[in-house]
Amino acid sequence: MSDGGFSALTYVQSCTRVARVFRPEAARVHRHLPSGLLAFARLAVSVAVMALLAENAHAQVSPGEVIGPEQADRVKGLVSPGVEILVRRGMELRIVPYRPVELRPSVKAATEQYAAQASLDANGVLTGWVAGLPFPRIDPSDPQAGTKVMYNVNRTPNLTDDLGLHLIESASGTLSKPGEEGRFDVERHFTIDWLRMLRYAGRLEIEPKPTIADNPDGVFQKMAQYPFLEPFDLKGTGLLSFRYLDPSKQDDTWLYMPALRRVRRLSSSQRSDALFGQDIDLDSYNVYSGDVSWFTWRLLGEKQMLGSMHGENMPPKPCTRDGGATFCDAWEMRPVFVIEGSSKLPGYAYSKRVLFVDKETFLPLYSDVYDASGELWKTMVQSIRVARKPNPDAALEYPDEMPFIYGFAMVDLQLLHGTRSAIPGTQFREEPGWYFNMGPRYGNDERTFTVTALMAAGR
Amino acid sequence: MWLRAVLTLAALVALVPGAQATIRLGPAQLAGDLSAQNLIRTRDVGEFQFVQQRNTLRLSLDYDWLENGKLMERFETPWLQKSSLYLLYRGVYDSVFDWAPGGNLWTNQGKPDGGKISDLPHSTRTALKYSNDLREAYVDLDFAAIPLHLRLGKQQIIWGETDFFRMLDRVNSLDLTWHLIWETEAQHGWDQLRVPYWMARAIYDLPNLGPVTETFVEAFWNPGDWIPAKRQYSPDSPWSIPFQDPTAGIFPNGPQRSVTFRQGDYSRNPGENSQVGVRIGGFVGGAQMTLNYFYQRWAGDDGSAAAIFRADPDLASASAAISAGMLPAEYIAPYVHTIGFSANYFDDTWTKAVFKTETIYDFGIPFANAEKPSPVLPTSLFGVSKRDMWKGMIGFDRPTWIRPLNRTSTWLLLGQMFWHHLIDNERFIPGVQKGFVGPSGPALAPLRPNGKPIDTVRDWELLFSLTATTFYGGGTIVPQLSYILDPLNSFNMLVFWSLDYYVTNELIVNVAQR
C-alpha cells in the first residue's frame, strides 16, 4: 500500500469500525450475517464512509474555534477515529495556532554527532545507536520508515537520563452510553507517589554519559513505580521493571503487594494485559512503551492533524460534557506520522495499534488500538504542554523548554470504561510533577531501581 | 495439619462490605478503611451457624519527615537521605459476642460439641469482643553515604516465594484466633494474621559479584518480643479452627510452667527469647535467588505435625501437678535452626511463566514420642524427640488468555506443590507404645470420646494448590477460584471461590464460599 493509501482504505476501515462502535445494533446484525454478506456489508459501509471522507477532505478548523460534539464532523480526518468518538462524546477541542517545537540543544548536538552510526539490522533492530535521535530524517518511501519513527519515539529525545513523575493521580470508571447525558462514574481512584525511569544508554545530561558502563545485565532502562498512596487496599504497592538492550529478552518485572508484604516476580509476557484490570496496560504507557522490535511497524502516512501540544490548563481540566472522562484543552494543527504496528508476540491483546506521532518532538499525540477481530477497542489521548516550567505555580524551571505529558485518558470504547490520569494530580497544585535529569537529588539514581529498594519501601 | 481440620468444615460464606478514605497533608498521609465481615458456616444443606460479624477499622499514618537529606524540609541531615514514620492501628468489634447466638458449635471433628457462645460468661464475652492493636509502628531510615536501609519498630518481615503456606515466611508467627486465611477480607491475606513484633531489620546492597547483580544481605533481630502462634479453643473464637480444649474441666490450671499457645518455660527477654535471621540474595542468569538462615523458637504454625506439649518425666512433680489441677506437661517452643533457599525464574521463551521454588531444612523439631510416656498418664501424654524436617515448594505463575471466559484480561494461574519430609520418622504402631504422633494424637487421645488417635506422623506430606483469578468490568469485578488437594490424607480437598466487587473506592463487596 502506498502512503496515500492511509487516507483511503485504512481510514475507511477505521471509520467503518467507528460506525459500528456507535451503532451497536448494527454491529450485532453484522455478527449474524454470513461471511459473504458481511464482506458486502463492509464494502457498502466503506463506500459510504469514503464518500463521507471525501466530503470532509477539506475540513479545516481555525484558531479560536471550540470543536465539540456538534462540530465533530469537522475534525474527521484531523484526528484519529477514536478521538473523533471522544469528541462526539463530549471532549471539546479549543483550537489554537500552531507553534513549532524544537528539540533541546543537547539532543540536537547528540543527533548530529551520532545519528550517522545508527542503522537497522536485517531484523529491523536498532544497532550502532549511541545517543540523540537515531533517525533524524525519515524517508516515507523507505519500507523501514515506520520502524525508524518508532525508534525515534522509543529513544525519545525527551527522556534521556532520568525522569521522576511525582504524585500521579488516576481515576477509573464507567462512561455513559451513547445518546445519554455525559457521565463518568468514578469507581477507583489511584495516587502513585513516584514513577521513575533511569536510562543506561543515550544519556546526555548527567555523568556518566552517554552510557552507564557498570551494566552487567545489559539494561537499557529501569522503571520504578512506588509506592501507591491510594486506594487504601493497594496502598504501598510498588512495581519495578527492567528493559534490556537485547530486544530478544523480555522485561523483568517485580511487584510488591501489601497483602503479601513481599516482592513477587511477575511474568511480563502479557504486557498488553490491563494493569490491575484497568483500561491501561503496561505497553500503553506513553501510548507505546514496549520494545520497538516486538512489533512490525508501518508508516501509513504523514499529514497535518490536530494534537494537544501546548496545553494551557494546569492542572488538566476534565471535560464537563463527557462527565470528566477526558481532558479538554488547546489543540493545534501538527505535522504527524501515522504509524501502524502489529505485535510479533503471541497472545497479544490487540491486533494492531495505530499511533499518531508528532513529527517535531516524536511524542505520540494519541493512538487507537484494535481488538483481535479488528474492531476499534481503545483510544488514548495525551495532553502535552511544552514549557520551561512543568507547572507555572511551581518554582522548578528548566533551562530549555521540555515537553510535559501532564494528562492522558484511555477510553475503552467497547466496554465504555475509561481511565484518566493527571501528572501531577489535580489536587497537588504547586507540585512540579516532572523531574527530568535530576539524578540522586530527587532519588533518580540506581539505588532507587533495585529489588531491595522496592522491598524497603513496601508497607 | 490444620488444613485437614479446615477441610472437615463444610462451607463458609463471607460478605465483606468495606469503605476507605485517604487524606494527604503535605508529607503526611492519613488513610483508613472500615470493613464488616459476616461468616456463616453451613455444614450441611439447611444447617448453618452464624459464626462471625466482625467490624474492623484500620487507620494508617505515613509521615515522610525526612526527604532528600532534609528533615521537615528545613534541617540538613548529611548522613541520612530519607526517613519516614509509619503507624497502623487496627480496632475490632466482634458483635457476635454481644449477640451471643445459642446452638452448639461444630468442632473440627465434625461434632456439635464445640460449646455455645451464649454459655460464655458475660465478662469473657466482653473481653473477647474488642481488640485494639497498634499493628505496626516503625521508622524507616535510608543512609546517604552507604546503601543501608533500616526499619526499626513493630513490623512484619516476609521472606520466601509461597502463597498461602509458610516456610521461609516464619519471622512472624500467626494469630490463628483472628480467622483463617480463607476468610480474610478482600485485598488482605497473611498480613492480617501475622503477629507483628518489635524488631530491627537491615537491608544492605552489596556490589555486583561477577555475574551476580542485585545482590544484598538482609538481617533481622527480634530482641525478645516473640510469641508462638496464637490459638483459642472453641467457642472463644467460633470462626477459627474449632478446637476443643482437651484439658478443660480436668486440668483447669493449665500446663506446668507455661501457658498453652502463649509461652513456654522461658522469659520474654533478649537473653531467652531473641530471634535472628539473615539472608543473602542476588540475580544471575535471569534467576533471582536467596540463601536464608534463621535461629528462632518453634512457632508451630507451618503445618508440621510437631508436638506442642512435653510430658513431665518426673513422677513426683507430675503427680504434684495433677494434684494442683495442672496438666503434667509443659507447652514447648524450642529453638530451631533453619536453613533455606528460594529462587524464581521467568521463562520468556517457552512457557511465559514465572517458576518459583522454596525449600527449608529445620533442625530439631520436637515430636511427641510414644516411647517416652508420662509417668502419670502413660497412654495419653508423652515426651518429645527431636527430628529434622525437609520442606519445599515448587510452583508457577502464568498470566493466560482464556478469551471465551474473558476477552479483555488474562487469567492469572498459580500452581504450587508442597512437601514435608520427616527425617528418621518413628512410626506409630497401634497397641504398641512406639512412634511419633501428631499434636492432637494419642498424647491427649484418652481425653477424647472415642479414645482413638487421629493423627500419626507421616514420612511425607503432599499438598497441591491451583488458583485462578482475573478482572472484569475494567477491574471492578475480581473473581478468584482455588483448589487445594491433599493426596495423602484420603484425597482431602478444598474448593473455594470469592468475588470482589469494587462499587467505588469507598465500597467493596466480597462474597465467598468454601
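Each chain gets a letter, A, B and so on, in the order the sequences are listed, and its residues count up from 1. Not measured: the values here are computed from a predicted model.
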Using atom types as modelled and distance alone, determine if a side-chain donor or acceptor of [X] lies under 3.5 Å from a backbone N or O of [Y].
{"X": "A:Asp273", "Y": "B:Thr410", "value": "yes"}
{"X": "A:Arg188", "Y": "B:Tyr502", "value": "no"}
{"X": "A:Glu187", "Y": "B:Thr476", "value": "no"}
{"X": "B:Glu214", "Y": "A:Thr450", "value": "no"}

Could you tell me whether the side chain of [Y] reaches within less than 4.5 Å of the side chain of [X], counting heavy atoms only?
{"X": "A:Leu260", "Y": "B:Asp163", "answer": "yes"}
{"X": "A:Glu230", "Y": "B:Arg24", "answer": "no"}
{"X": "B:Asn68", "Y": "A:Arg441", "answer": "no"}
{"X": "A:Trp377", "Y": "B:Thr408", "answer": "yes"}
{"X": "A:Met455", "Y": "B:Glu218", "answer": "yes"}
{"X": "B:His149", "Y": "A:Thr452", "answer": "no"}
{"X": "A:Ser267", "Y": "B:Arg398", "answer": "no"}
{"X": "B:Asn208", "Y": "A:Asp214", "answer": "yes"}

Part of [X] within contact of chain A (heavy atom distance under 4.5 Å):
{"X": "B:Ala202", "answer": "neither"}
{"X": "B:Lys356", "answer": "side chain"}
{"X": "B:Gln155", "answer": "neither"}
{"X": "B:Arg407", "answer": "both"}
{"X": "B:Ile157", "answer": "neither"}
{"X": "B:Gln288", "answer": "both"}
{"X": "B:Tyr138", "answer": "side chain"}
{"X": "B:Ile158", "answer": "both"}

Proximal component of [X], with respect to chain B [non-hydrogen, under 4.5 Å]:
{"X": "A:Leu266", "value": "backbone"}
{"X": "A:Ala457", "value": "backbone"}
{"X": "A:Leu416", "value": "neither"}
{"X": "A:Asp371", "value": "side chain"}

Quiz item: What about the rings of B:Trp401 and A:Tyr348, do their centers lie closer together than 6.0 Å?
Solution: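 Not close enough - the centres of the two rings lie 6.0 Å or further apart.
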Can a donor-acceptor pair be found between the side chains of [X] and [Y] at a distance below 3.5 Å?
{"X": "A:Arg447", "Y": "B:Gln81", "answer": "no"}
{"X": "A:Arg262", "Y": "B:Thr162", "answer": "no"}
{"X": "B:Lys352", "Y": "A:Gln250", "answer": "no"}

Practice problem: Determine, for A:Arg459 against B:Asp140, whether the closest basic-nitrogen to carboxylate-oxygen distance falls under 4.0 angstrom. | Solution: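 Judged by the 4.0 Å cut-off on N to carboxylate O distance, A:Arg459 and B:Asp140 do form a salt bridge.
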Exercise. Look at B:Ile203, B:Asp62, B:Thr400 and state which one has the largest set of heavy-atom pairs under 4.5 Å with chain A.
Key: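 Highest number of pairs under 4.5 Å: B:Asp62.
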